2 protein chains.
Amino acid sequence: MLSQIAPDEDLVFFRPHEYLARENEPPAGLYQMLEGWACRYRLLPDGRRQITALYLPGDYCEPQWALGRGPTQPVVALTNVRAYRSACRVPSGGSGDAQQGFWKNLVDGSERQAGWLVTLGRRSAPERLAHLLLELFERMRRAGLAYGQQCALPLTQMDIADLTGLTPVHVNRTLQTMRNAGLVELQSRWLRIPDLAALREAAAMAPQDAVA
Amino acid sequence: MLSQIAPDEDLVFFRPHEYLARENEPPAGLYQMLEGWACRYRLLPDGRRQITALYLPGDYCEPQWALGRGPTQPVVALTNVRAYRSACRVPSGGSGDAQQGFWKNLVDGSERQAGWLVTLGRRSAPERLAHLLLELFERMRRAGLAYGQQCALPLTQMDIADLTGLTPVHVNRTLQTMRNAGLVELQSRWLRIPDLAALREAAAMAPQDAVA
DNA sequence: CGAGAATTTGAATCTCTTCAATCTGCGTGG
DNA sequence: CCACGCAGATTGAAGAGATTCAAATTCTCG
C-alpha cells in the first residue's frame, strides 16, 4: 500500500451538503472557490438557522483561517463545488498579486458582513430580498458569470430565508409581490433583473452602499 | 506661528457625538481605545440607523484601516473617549505582542460580527437583549472593568435599539419583562446580572457560542 | 412514472411597530 | 432654591408585518 503524503495544494470537489469545514476542527486547507456555491451558518439550539456567509466563485474560504484560528462555524456546499485547496497560511511570494487578493478578500468579506448587519437589523422583507438579489447579481457579474441582467442563482427559497432571517413562506409571498411588480424574475435557479435602478430603489440602499 | 508636525502617535480625546472617523475620509489614525465607548453605524435613506460595531476599552478601531482601505461607515463616540492614536499600518517590530494583539483584534471583530448576524437574523427581542448584555458584560470583564456580576453600560435605550434592530419602545418593554423575571438589573448606565446561567439560557445561545 | 423536494396557498395568530402622550431625572439660569 | 427645559424612559392603544401550521400543488430527477 502506498503511503499518501497530503500535498500542499490541489484541486478538490464537494457535493451539495458536503462539509468544507466543521466547527472546531482544523480546516483541511484554505479554499479558493472555482465553481459552485457554499455557505457558512450557525444553528440555534432549537434548530433555527442563520447563514452568515456565502462563497461564490473567486471567493476565498476562509481567509481568517490563515490568521491562526480555525473555523467557528461550519461551511457546507450548496451546489457541486470545485475549489483550489492550499495550505492554511497567508499566500507568500509570487508576484504579490495573490497576497493582494487575499487581503482584499478578507476586508471585502468583513465589509459585506457589516452591510448584512444593516439588512438584518433594519430592512423590511422586500428590502432584504432586493438587497440580497442585487448583491448576488453584482458578485456574479464581477466574477464574470453574469449575462446581461441575468445570472445563475442556485438557492432554494429556504436558503434565501436562512440568509435574510425570514421564513420560507414569507420569502415566497414577498417574492411573488416583487415579481408582480416587475422588480425581479426568479425561477428555476435563474435570476433576471429587468430594471437595476428600480431594484436598488426597492432595496433602501444607502448612498454609500456599494452593494457588495 | 509654529508649524505643527503631526506626530506618528499620541493620545487623543473625544466627547460624545464627536466623530473618530467619517466615511470615505482617510482616518486620522488607528485608535486603541483606552477609556469610553464608541460605535460604528450606517444610516438608511429614511433615517433608520443600525449600529454595526461597538468599541470598548482595549479594542482597536479599526484594524482593517491598516489593510489599505479607509472607513466605509462613520465611527462616533458614545461617551467621553480617551484613545491612543497610531499610524495607520500593521504594528511592526517590538516584541511581536502588538502584532499578535492586532491580528487577534481583527479576527475577534469579524467573529463577533458573524455572531451578530445570527442575533439580528434569528433571535427574538428578549433573546437579542440577553445576548447583547452578556456580550457587553463579558467584554467588560475581559477588559478588567467588571466588578463581580456588574459593569458600566453607558448606552441609552435608543442605542440599544439601534444595536439590536428593535424600536426603543420595544426595548423598553422587553427590558421591563426581563427585569421582572429577575434576569437583569439595568438602570442609570449600570448593569448587574444576578444569574449568568439564566441569562445565557434566555439568550438562546448555541453551545459553541462564545458570547464575545 | 413515481417519489421526494421545493414551492405555493389559506387562515389564524403573534411579535413588534407606530404614534402620541406622560413621566422622570438632571443640569441651567433666574 | 426653585422653575424651566430637555433628553431619556415609560405607558397605552391600534395596526402592520411576519410567523405558524397545515394542506395542496408543482418540479425535478432517477
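No experiment lies behind these values; they were computed from the predicted model shown. Chain letters run A, B, ... following the sequence lines, proteins first, then strands; residues in each count from 1.
- The shortest side-chain heavy-atom distance between A:P126 and A:T174 falls under the 4.5 Å cut-off.
- When rounded to the nearest whole Å, the span between CD1 of A:I160 and P of C:dT8 equals 10 Å.
- The stretch residues 168-187 of chain A comes close to DNA chain D through A:V169, A:H170, A:R173, each having a heavy atom under 4.0 Å from the strand.
- At a threshold of 4.5 Å between non-hydrogen side-chain atoms, the residues B:V81 and B:Y55 do not count as touching.
- For B:R189, the side-chain atoms get nearest to D:dG8 when compared with the rest of C:dT17, D:dA18, D:dG8.
- With rounding to whole Å, A:D46 atom CG is found 14 Å from D:dT19 atom P.
- With hydrogens and angles left out, the side-chain atoms of B:R40 and B:T52 include a donor and acceptor closer than 3.5 Å.
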**Asked** Where do A:Q176 and A:N180 land on the side chain to side chain donor-acceptor pair (under 3.5 Å) test, with the steps shown first?
**Response** CA-CA 6 Å; A:Q176 285 181 56; A:N180 294 338; 5.6 Å; no
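- Nearest approach of A:K104 to B:R69, heavy atoms of both residues: O-NH2, 3.8 Å.
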Under-3.5 Å N/O pairs linking protein and nucleotides 23-30 of chain D:
none

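- In this structure, CD of A:E127 is placed 17 Å from P of D:dA16, rounded to the nearest angstrom.
- Paired with A:Y84 under the rule side chain to side chain contact (heavy atoms under 4.5 Å, CB included), one option of A:L34, A:D10, A:V12 passes, and it is A:L34.
- The NE2-C1' distance, from A:H17 to C:dA6, rounds to 12 Å in whole Å.
- Remark: P of D:dG8 and CG of B:L78 are 12 Å apart, rounded to the nearest angstrom.
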**Request:** Please report the C-alpha distance between B:D159 and B:R49 in whole Å, then the side-chain angles of each, then the deciding distance to 0.1 Å, and finally whether the salt bridge (Lys or Arg N to Asp or Glu O under 4.0 Å) criterion is met.
**Result:** CA-CA 10 Å; B:D159 293 330; B:R49 180 174 85 142; 3.3 Å; yes
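- In this structure, B:Q157 places its CD atom 16 Å from P of C:dC16, rounding to the nearest Å.
- Using a 4.5 Å heavy-atom cutoff, the side chains of B:V75 and B:W65 are in contact.
- The CG-P distance, from A:D162 to C:dA6, rounds to 12 Å in whole Å.
- Here the side chains of B:L136 and B:W37 are in contact, with some heavy-atom distance below 4.5 Å.
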